[in-house]
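These notes concern the structure reproduced below.
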Amino acid sequence: MYNVLILEDEKEQRQGIESIIRSSYPNWCIFSVASYSEAVSLLSCHTYHLFLLDIALTNCQNSLTGMDFGMLLRNIPLYHYTPIIYLTALADQIIPAVQNLHCFSYLTKPYSAKQLLDTLAYLLRLKAPKEKEILFQNGNGIYFKVEPYRITYIESQNKTILIHTTEKCIMLTNISLQSVMQKLPEQFFQIHRCFIVNMRRIVSYSKTLLRIKIDTQTIPVGRTRKKSFEKLFFGTRKD
């Protein structure tokens, strides 16, 4: 499941983008806003896998633009490499986006539904696993290969490790959670003594309850790990 944030100040275009995406990706969670400030406020509520940003935001009351929001995103460690698709009526606005913000792609207005869907399809092909598979071995000598991006979270139950993926749950025995953590790439974080999570899979976080949500699963945040987790989750953003 993808979380997508759309920043577009023109209501009809914003609704059109939502409709086009939902027609082909009904399971994606789409959040759409009209202003920079609204977009910033949503960053503390969810983790996003894709951003579609209007560059100009000409109807906004302040001078902050989609370019400014893109710069903010690139200063948050969690979003250093998250794809940004820029939307613009002026092609020359794209040059700074490509050079300074490493945007994934752009669409020049007016664009068609096919152009948007083709861009999303290309994005998904690029994001199809490039990460090296991780090799796990359980206590019975059985080996498992897992692609990191498919792992949602990992939990320890007594002497058993459960690796939850988008397709299945893999059970390992006679291995510690710390040993598993050593095999994982940087997007994984041990959020609790019994849980490791894929930071890119987090849907929401409650600071009050100290709980995160991944898909439909609620996972506790250990109090001793709260500060380190929030530093990763919120990055360098200032409210």
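All values below come from the heavy atoms of this structure, side chains included, with hydrogens, waters and symmetry mates left out. Residue numbers start at 1 and run along the sequence shown. If you're wondering where the values come from, they're calculated on a predicted model, not measured in any experiment.
Val180 is not connected to Met171 by any chain of hydrophobic side-chain contacts under 4.5 Å among Ile, Leu, Val, Met, Phe, Trp and Tyr, and they are in different clusters. Residues Leu5 and Leu64 share a hydrophobic cluster, clusters being chains of Ile/Leu/Val/Met/Phe/Trp/Tyr side chains in contact below 4.5 Å. Follow the hydrophobic side-chain contacts under 4.5 Å out from Tyr106 and you reach Met67 in the same cluster. Linking ILVMFWY side-chain heavy atoms closer than 4.5 Å, directly or via other members, places Leu232 and Met181 in two distinct hydrophobic clusters. By the rule that hydrophobic residues join a cluster once side-chain heavy atoms approach within less than 4.5 Å of another member, Met71 and Leu7 end up as members of one cluster.
Side-chain contact check for Gln187 and Tyr149: no donor-acceptor pair (N or O, by modelled atom type) lies under 3.5 Å. Counting only N and O atoms by type, the side chains of Gln13 and Gln15 include no donor and acceptor under 3.5 Å apart. A side-chain donor-acceptor contact under 3.5 Å links Glu38 and Ser35.
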Next item on the list: Dump the intermediate steps for side chain to side chain contact (heavy atoms under 4.5 Å, CB included) on Ile151 and Ile163, then the final yes or no.
Entry: CA-CA 7 Å; Ile151 300 173; Ile163 300 177; 4.1 Å; yes
Next item on the list: Start with the C-alpha distance between Ser105 and Tyr86, add both sets of side-chain angles, then the distance that settles side chain to side chain contact (heavy atoms under 4.5 Å, CB included), and finish with yes or no.
Entry: CA-CA 6 Å; Ser105 186; Tyr86 268 114; over 6 Å; no
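Annotation for Phe195 and Pro220: closest pair CE1-CD, 3.8 Å, computed over non-hydrogen atoms. When every heavy atom of Pro83 is checked against every heavy atom of Leu123, the shortest pair comes out as CG-CD1, 3.5 Å. Across every non-hydrogen atom of Gly70 and Ile84, the tightest pair is CA-CD1, 4.3 Å.
The number of heavy atoms from other shown groups lying within 6.0 Å of NZ (Lys159) does not exceed 12. No more than 12 heavy atoms of other residues, nucleotides or ligands shown are found within 6.0 angstrom of CD on Glu186. Within 6.0 Å of CD on Glu167 lie more than 12 heavy atoms contributed by other residues, nucleotides or ligands.
Not one N or O on the side chain of Lys226 forms a donor-acceptor pair closer than 3.5 Å with the backbone of Val221. Under the 3.5 Å distance criterion, the side-chain polar atoms of Asn3 are matched with a main-chain donor or acceptor of Thr47. Using a distance-only test at 3.5 Å, with no hydrogens or angles considered, no donor-acceptor pair links the side chain of Asn75 to the main chain of Leu72. With hydrogens and angles ignored, the 3.5 Å screen pairs a side-chain donor or acceptor of Gln115 with a backbone N or O of Ser112. Judged purely by atom type and a 3.5 angstrom limit, Thr173 has no side-chain atom pairing as donor or acceptor with the backbone of Thr160. The backbone N or O of His192 sits less than 3.5 Å from a side-chain atom of Gln190, completing a donor-acceptor pair. Without hydrogens or angle criteria, Tyr48 side chain to Leu42 main chain gives a donor-acceptor distance under 3.5 Å. Checking side-chain atoms of His46 against main-chain N and O of Ser204 turns up no donor-acceptor pair under 3.5 Å. With hydrogens and angles ignored, the 3.5 Å screen pairs a side-chain donor or acceptor of Asn198 with a backbone N or O of Arg200. Although no hydrogens or angles enter the test, the distance criterion places a donor-acceptor pair under 3.5 Å between the side chain of Arg14 and the main chain of Glu8.
Rounded to the nearest 0.5 Å, atoms CZ (Arg74) and OH (Tyr81) are 9.5 Å apart. To the nearest 0.5 angstrom, Arg150 atom CZ is 11.0 Å from Ile170 atom CD1. Distance check, rounded to the nearest 0.5 Å: CG of Leu78 to OG1 of Thr82 gives 6.0 Å. Put simply, CD1 on Ile214 and CZ on Arg201 are 9.0 Å apart, with the number rounded to the nearest 0.5 Å. Atoms CG and CD1, from Leu184 and Ile134 in turn, are 5.0 Å apart once rounded to the nearest 0.5 Å. Between atom CD1 of residue Ile20 and atom CZ of residue Arg22 there is a gap of 12.5 Å, rounded to the nearest 0.5 Å.
Within the 4.5 Å cutoff, the side chain of Tyr2 has no heavy atoms near those of the Leu120 side chain. Counting heavy atoms from C-beta outward, Leu87 and Leu53 have side chains that stay 4.5 Å or more apart.
The aromatic rings of Phe51 and Tyr79 sit perpendicular, their planes meeting at an angle over 60°, well past the 30° parallel limit.
The aromatic ring centroids of Phe229 and Tyr205 lie less than 6.0 Å from each other.
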